[in-house]
Protein chains: 2
Amino acid sequence: MTELGERAETLLKALIELYIIEGQPVGSRTLARHADLNLSPATVRNVMSDLEELGLIQAPHTSAGRIPTQLGYRFFVDSLLTIKPLNVEAVESIQSRLSTESDPKMILAGASEMLSKVTHFAGLILIPGQENARFRQIEFLSLSDVRVLTILITDDGRVQNRVIPTDREYSEAELTQAANYFNEVYNGSSLAQVRRALLGEMKTDSDKMHNIMKTAVTMAGKFFDEEEREKDDVVLSGEENLLNIPDLCQIDTLQKLFDAFKTKQDLLDLLDRSMRVNGISIFIGEESGYRALDDVSVVAAPYETDGSVVGTVGVIGPTRMDYEEVIPVVDVTARLLSGALSGRELSDGSRKPR
Amino acid sequence: MTELGERAETLLKALIELYIIEGQPVGSRTLARHADLNLSPATVRNVMSDLEELGLIQAPHTSAGRIPTQLGYRFFVDSLLTIKPLNVEAVESIQSRLSTESDPKMILAGASEMLSKVTHFAGLILIPGQENARFRQIEFLSLSDVRVLTILITDDGRVQNRVIPTDREYSEAELTQAANYFNEVYNGSSLAQVRRALLGEMKTDSDKMHNIMKTAVTMAGKFFDEEEREKDDVVLSGEENLLNIPDLCQIDTLQKLFDAFKTKQDLLDLLDRSMRVNGISIFIGEESGYRALDDVSVVAAPYETDGSVVGTVGVIGPTRMDYEEVIPVVDVTARLLSGALSGRELSDGSRKPR
DNA sequence: CTTGGCACTCTATTACATTGAGTGCTATCC
DNA sequence: GGATAGCACTCAATGTAATAGAGTGCCAAG
């Protein structure tokens, strides 16, 4: 990118900050008065003209002020941000919320909720996939003739259950034995390992297997059948906050957005991408590549348990959001969450956005 | 209420049906042409004037047609409805959706989803409370030093789990014994019975109790602690459909509504009320008494398992909804749901992925 | 390079006239 | 006496024109 020059950068920064606050196109006079450069509106106009040529700002119509383009926001978050000092109260309320919960699922949901509460946008979180969790216990319970309730418990305290239709009736004893067998063999393995092992078992000629083994493999095989990240791995909160954002007042924009909130697939993809990136991800408007998210921005930060990244928390709000405030909030929430999950304290280095 | 006279009723009915279709105030000329009474607009005007005096219709302003009032809708659904024949396709798709699911929770969610899909409004369901379910099994698993994962399984195939913070560390053996004790004592009792028994136990002087018993009671006591109908007992679907209803285009109306969708408390109360009533409940606009629902109507029908009412399914949509179509859809869905939950037919064993 | 001046553009607002749908009232008809 | 045609009236919606104001682009002077 062409070098901008310090003055132009200062003005661009001031313009974006003003626009974020007011939501109105910023004119040369306002900008001149607000930036501390002691320039006349005419000079400012010249600079603005340059900035427009570079595609960083644009005018809605001839005789209006300028508003940032997507590119302008991008340049802003990449190079111009001055991260605001954190609101201590907000941090404390997040911290206290995360530390009072004991159920891990609740902690995760709490992080998303607190983000929505603090930013007044929507909070979202990609919860840790099961693959890395360790197998702890499985249980098969006969419900009626041909349905078996399967319960899987992992050592992170999550419980997953599913009703599995079977081709024949199984006795209680059979199921108990099968579960015992399974629990013994796979105790302590990661779910990924269990799945791999199961796939192997199922290819083996089943005649050679012990009956109990066969039952166990059949049941669990159906349970582990399809497993990938799914819908439930993304938890949203505070979606209703987005309804009174003036920038998102168009019904069809909201409709698209809420449709995406229902499916969650796009969100899942996006958060998954951001998990693989080091540090905070920011997707501005159409950058994310999903139609439904064209008119919003997403700020997301990965969080860890025991030193490895397992998921992402973030905020989804209007493109005209206060990045200087939202980014540190998301950042610190991710850290607090990591702390709450690992049971450790918050370290206090600061992280740079990508 | 004053007797209306057949002609007035016919006209009111025609007016409401027209208004439901068009969404525009209905004038005397239109109404005269549409109703098969062969009356002149002037005559119709006289009748409309009467109807207005009775509070059944109103004019948005002097020179506009008339629209039904809340009272008008009420009279309409009480006395004037001609239920439309059911859309066979819709019924079949509902039926097939309900019968392919095997997990009871999925069946319930499916009913709500199908209602939203068929009516293009939001579907909602009050799922059966736990109180009547029978206790099947409880399990205590130690997570870390002072947290115990408690899993409760009822014989309707539902699994509930909660992480319980404890005051001291419990060994695996202790917890297993406690669970065994509990399972033996309460096997087959209803959850209501279990709760009552627990309350009694906790009042007993704990010194006299066996250690194992004490552990069991402590754990389970915390689990059963707060239990009433909660948030999760109401399942919503298709909320996003309400975003493109022209009648609900006001942002603050939607905001109120989605706030209520988040809390769910009002919905829960409403559905609970409708459960205690025989037959279909219809709440038109402000009738429900909840501010958030002032601008919408709710149509709900109770459903049963094994002959007794356990919950309610319904639809929430604009007050100007096609009651003649929605009512039978809700009705038949409730019936199909009752059927799917009780008279469990043999499913064809095909398992729907994901 | 900066700045003041100036003509120009475009939106938003206001005022005013016009149109058309629909009403209420009354006199008339069967 | 109920139904109807006729008519004056009301009111939202639409269109037109004028005006004010914010802001721009450009040029010439500092």
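Each chain gets a letter, A, B and so on, in the order the sequences are listed, and its residues count up from 1.
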Does the side chain of [X] reach to within under 4.5 Å of the side chain of [Y], using non-hydrogen atoms?
| X | Y | result |
| --- | --- | --- |
| B/Val235 | B/Leu124 | no |
| B/Glu17 | B/Ile20 | no |
| B/Thr312 | B/Ile125 | no |

Options [options], nucleotide nearest the side-chain atoms of [X]:
| X | options | value |
| --- | --- | --- |
| B/Asn46 | D/dT10, D/dA3, D/dT4 | D/dT4 |
| B/His61 | C/dT11, D/dT10, D/dA12 | D/dA12 |
| B/Ser63 | C/dG22, D/dT24, D/dG25 | C/dG22 |
| B/Arg66 | D/dA22, D/dA5, C/dG24 | C/dG24 |
| B/Ser40 | C/dT23, D/dT10, D/dA5 | D/dA5 |

task: May I ask you to verify if any side-chain N or O of A/Thr62 is less than 4.0 angstrom from the OP1 or OP2 atom of C/dC10?
output: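 Looking at the OP1 and OP2 atoms of C/dC10, one of them is under 4.0 Å from a side-chain N or O of A/Thr62.
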What is the distance, to the nearest angstrom, from the [atom1] atom on [X] to the [atom2] atom on [N]?
| X | N | atom1 | atom2 | result |
| --- | --- | --- | --- | --- |
| B/Ile57 | C/dG22 | CD1 | P | 14 Å |
| B/Gln24 | C/dG22 | CD | C1' | 13 Å |
| B/Leu11 | D/dA3 | CG | P | 11 Å |
| B/Arg45 | D/dC9 | CZ | C1' | 12 Å |
| A/Asp50 | D/dT24 | CG | P | 14 Å |
| B/Leu51 | C/dG24 | CG | P | 12 Å |
| A/Ile67 | D/dA22 | CD1 | P | 19 Å |

task: Assign each of A/Ala42 and B/Val44 to its nearest nucleotide of DNA chain D by heavy atoms, then name whichever residue's nucleotide is nearer the 5' end.
output: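 Closest to the 5' end, via its nearest nucleotide, is B/Val44.
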- request: Anything under 30° is parallel, anything over 60° is perpendicular, the rest tilted; go ahead and classify B/Tyr73 against B/Tyr19.
  value: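 The arrangement is tilted - the two ring planes meet at 30° to 60°.
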query: Among residues 25-39 of chain B, which residues get a heavy atom nearer than 4.0 Å to DNA chain D?
result: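 B/Asn38, B/Leu39, in order of number.
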message: At 4.0 Å (heavy atoms only), tell me whether A/Ala64 reaches a base, stays on the sugar-phosphate, or touches nothing.
response: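 The answer is sugar-phosphate, as A/Ala64 gets under 4.0 Å only of primed atoms, P, OP1 or OP2.
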task: Name the nucleic acid region contacted by A/Thr43, choosing base, sugar-phosphate or nothing; use a 4.0 angstrom heavy-atom cut-off, strictly under.
output: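 Base, at least one base atom sits under 4.0 Å.
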- prompt: Relative to the 5' end of DNA chain C, which residue comes earlier, B/Gly65 or A/Pro41, by the nucleotide with the nearest heavy atom?
  reply: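 Nearest nucleotide further toward 5': that of A/Pro41.
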Other residues, nucleotides, ligands: >12 heavy atoms within 6.0 Å of A/Asn38 CG: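 No.
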query: Should we count CZ of B/Arg29 as having more than 12 external heavy atoms under 6.0 Å?
result: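 No, CZ of B/Arg29 has 12 or fewer neighbouring heavy atoms, counting only those of other groups under 6.0 Å.
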B/Thr333: which of B/Leu115, B/Thr119, B/Val315 passes side-chain contact (heavy atoms from CB on, under 4.5 Å):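 Of the listed residues B/Leu115, B/Thr119, B/Val315, the side-chain contact (heavy atoms from CB on, under 4.5 Å) partner of B/Thr333 is B/Leu115.
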